[in-house]
2 protein chains.
Amino acid sequence: MSSSATNWPYSIGQVQDLLQAHDIQCTQQRLEIAMLLFRQPQHLSADDILMQVNQAGHVSKATVYNTLGLFARKGLVREVIIDPNRVFYDSNLDAHHHFYNVDTGTLTDIDAGALEITHLPELPDNTSMDGVDVIVRVRNSH
Amino acid sequence: MSSSATNWPYSIGQVQDLLQAHDIQCTQQRLEIAMLLFRQPQHLSADDILMQVNQAGHVSKATVYNTLGLFARKGLVREVIIDPNRVFYDSNLDAHHHFYNVDTGTLTDIDAGALEITHLPELPDNTSMDGVDVIVRVRNSH
DNA sequence: GTCAGTGCAAACCCTTTGCAGAAAG
DNA sequence: CTTTCTGCAAAGGGTTTGCACTGAC
């Protein structure tokens, strides 16, 4: 079930292969952004990435946003829309769900195998399944 | 389990009681917005509400946003964050989940009883459960 | 009369876009 | 050489804020 037989962090070669496998032309900037995301399974906002990638080299804001949009469209990363203020990009390719700490804005993974959904009703007419997201909202126990 | 033994749409009196029960001072504008939301179980964006409420009377944009934020904080409506472009406000007070049509941006309810989650792993340290959202993304079958 | 709510416009912030220059194949 | 990508700055769009006015109690 695991699509990624991975050892984090990914090596440069593995990231290059990953881009190619997802039909994404490999450029300097895309490689830098992907390397960052695939250092470990994590959830980063566009701004996180913009700042981190610019500690060493330089990638423009527009390129970061365009690249992340491209990665998401190509299925290389998953957009996580939970926080109204920003989109997170998730480098964990395996099926999983999320804890969302509403106090800190922190996302934590829930392995898909650790949770089971049953009795899902039939889909609306003329639609097909695209995915199921489960978000468990938690708050700090005061 | 149903917190609302309701007959939609809510009457003015019922909405006034609802506001009072949620510790919200009843004003003209808040009543208008609440009446609109509780005409039926539905998902409206701030802009939907702004436009609909201004077909008859007039409520300013700031008041609509402030009021919806207040309603959500007080637990009168539920914020649904699924679409990166706008927040939906859900007047369905019963436990339920959502289908989200990624092509049309449409939300549809899934009765909570129609779906079961088991084997939820234990929460992160020092946190308490705030709620579970299940989002089933669907797309139009081409 | 006092405190909370409202309206307007401007400010904010994340994200997208237009276009000229640079890079990839 | 042609096509695609990148960078900059400006525009876009939903949401928030500052402040004076109005309304609720």
Side-chain angles (χ1 to χ4, degrees), chain A residues 12 15-17 19-20 22-36 43-74 76-90 105 107, chain B residues 12 15-17 19-20 22-36 43-74 76-90 105 107:
Chain A
I12 297 192
V15 171
Q16 287 172 326
D17 291 350
L19 291 176
Q20 191 171 341
H22 287 264
D23 199 31
I24 297 169
Q25 196 181 108
C26 184
T27 69
Q28 182 60 39
Q29 292 84 345
R30 288 171 184 178
L31 188 58
E32 275 178 45
I33 293 170
M35 284 295 289
L36 208 164
H43 315 95
L44 296 175
S45 68
D47 200 54
D48 291 336
I49 291 168
L50 182 62
M51 288 189 302
Q52 289 190 38
V53 90
N54 283 333
Q55 296 196 331
H58 174 66
V59 181
S60 76
K61 187 182 282 197
T63 297
V64 168
Y65 278 95
N66 290 337
T67 298
L68 290 172
L70 177 70
F71 283 5
R73 272 198 312 284
K74 295 292 191 178
L76 182 63
V77 298
R78 214 171 112 184
E79 268 180 335
V80 181
I81 299 162
I82 289 187
D83 186 315
N85 298 307
R86 57 199 186 287
V87 174
F88 286 106
Y89 293 89
D90 189 343
L107 282 172
Chain B
I12 297 192
V15 172
Q16 288 172 325
D17 291 350
L19 292 176
Q20 190 171 341
H22 286 263
D23 199 29
I24 297 169
Q25 196 181 109
C26 183
T27 69
Q28 181 62 37
Q29 292 83 344
R30 288 172 184 180
L31 188 58
E32 275 178 45
I33 293 171
M35 284 296 288
L36 208 164
H43 315 95
L44 297 174
S45 68
D47 199 55
D48 292 335
I49 291 168
L50 182 61
M51 287 189 303
Q52 289 190 38
V53 90
N54 283 332
Q55 296 195 332
H58 173 66
V59 181
S60 75
K61 187 183 281 197
T63 297
V64 168
Y65 277 95
N66 290 336
T67 298
L68 290 172
L70 177 69
F71 284 3
R73 273 198 311 284
K74 294 292 191 178
L76 182 63
V77 297
R78 216 171 109 184
E79 268 179 337
V80 181
I81 300 161
I82 289 188
D83 186 317
N85 298 307
R86 56 199 186 288
V87 174
F88 287 106
Y89 294 88
D90 188 344
L107 282 172

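By convention in this document, chain letters (A, B, ...) are assigned in the order of the sequence lines, proteins followed by strands, and residues within each chain are numbered from 1.
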**Q** From the list C/dG7, C/dT17, D/dG7, which nucleotide is the closest neighbour of the side chain of B/His58?
**A** C/dG7

**Q** Quick one: B/Arg73 CZ to C/dG5 P, roughly how many Å, whole number?
**A** 10 Å

**Q** When you get a sec, tell me which of C/dG7, D/dT15, C/dT6 is the closest nucleotide to the side chain of B/Val59?
**A** C/dG7

**Q** Should B/Arg86 be listed as having a side-chain N or O under 4.0 Å from OP1 or OP2 of D/dG13?
**A** no

**Q** Nearest-Å distance, CG (B/Leu31) to P (C/dT6)?
**A** 11 Å

**Q** Figure out the OH/C1' separation between A/Tyr89 and C/dC14, and round it to whole Å.
**A** 10 Å

**Q** For the pair made of CG in B/Asp83 and C1' in D/dG14, what is the distance, rounded to whole Å?
**A** 11 Å

**Q** Rounded to whole angstrom units, what separation is found between the CD1 atom of A/Ile81 and the P atom of D/dG14?
**A** 15 Å

**Q** How many whole angstroms separate atom CD of B/Gln25 from atom C1' of D/dC25?
**A** 8 Å

**Q** For A/Phe88 and A/Ser45, work out which heavy atoms get closest and say how close.
**A** CD2-N, 3.8 Å

**Q** When you measure from the side-chain N and O atoms of B/Thr63 to the phosphate of C/dG7, is any distance below 4.0 Å, counting only OP1 and OP2?
**A** yes

**Q** Roughly how far, to the nearest 0.5 Å, is OG1 of A/Thr67 from CG of A/Leu31?
**A** 11.0 Å

**Q** Closer than 4.0 Å, any side-chain N/O of A/Thr27 to the OP1 or OP2 of D/dT6?
**A** yes

**Q** Tell me what A/Asn66 touches on the nucleic acid: a base, only sugar-phosphate, or nothing, going by heavy atoms under 4.0 Å.
**A** base

**Q** Under 4.0 Å: is that the gap between some side-chain N or O of B/Gln29 and OP1 or OP2 of C/dG7?
**A** yes

**Q** Expressed in angstrom and rounded to an integer, what is the separation of B/Arg30 atom CZ from C/dA4 atom P?
**A** 11 Å

**Q** What is the nucleic acid contact for A/Gln28, judged by heavy atoms within less than 4.0 Å: base, sugar-phosphate only, or nothing?
**A** nothing

**Q** Taking the side chain of A/Ala62 as heavy atoms from C-beta outward, which of C/dA9, D/dC8, D/dT6 is closest to it?
**A** D/dC8

**Q** Distance from B/Ile33 atom CD1 to B/Gln52 atom CD, nearest 0.5 Å?
**A** 11.5 Å

**Q** Could you state the CG-P distance from A/Leu70 to D/dT4, rounded to the nearest angstrom?
**A** 13 Å

**Q** Would you tell me if any nitrogen or oxygen in the side chain of B/Tyr65 comes within less than 4.0 Å of OP1 or OP2 on D/dT15?
**A** yes

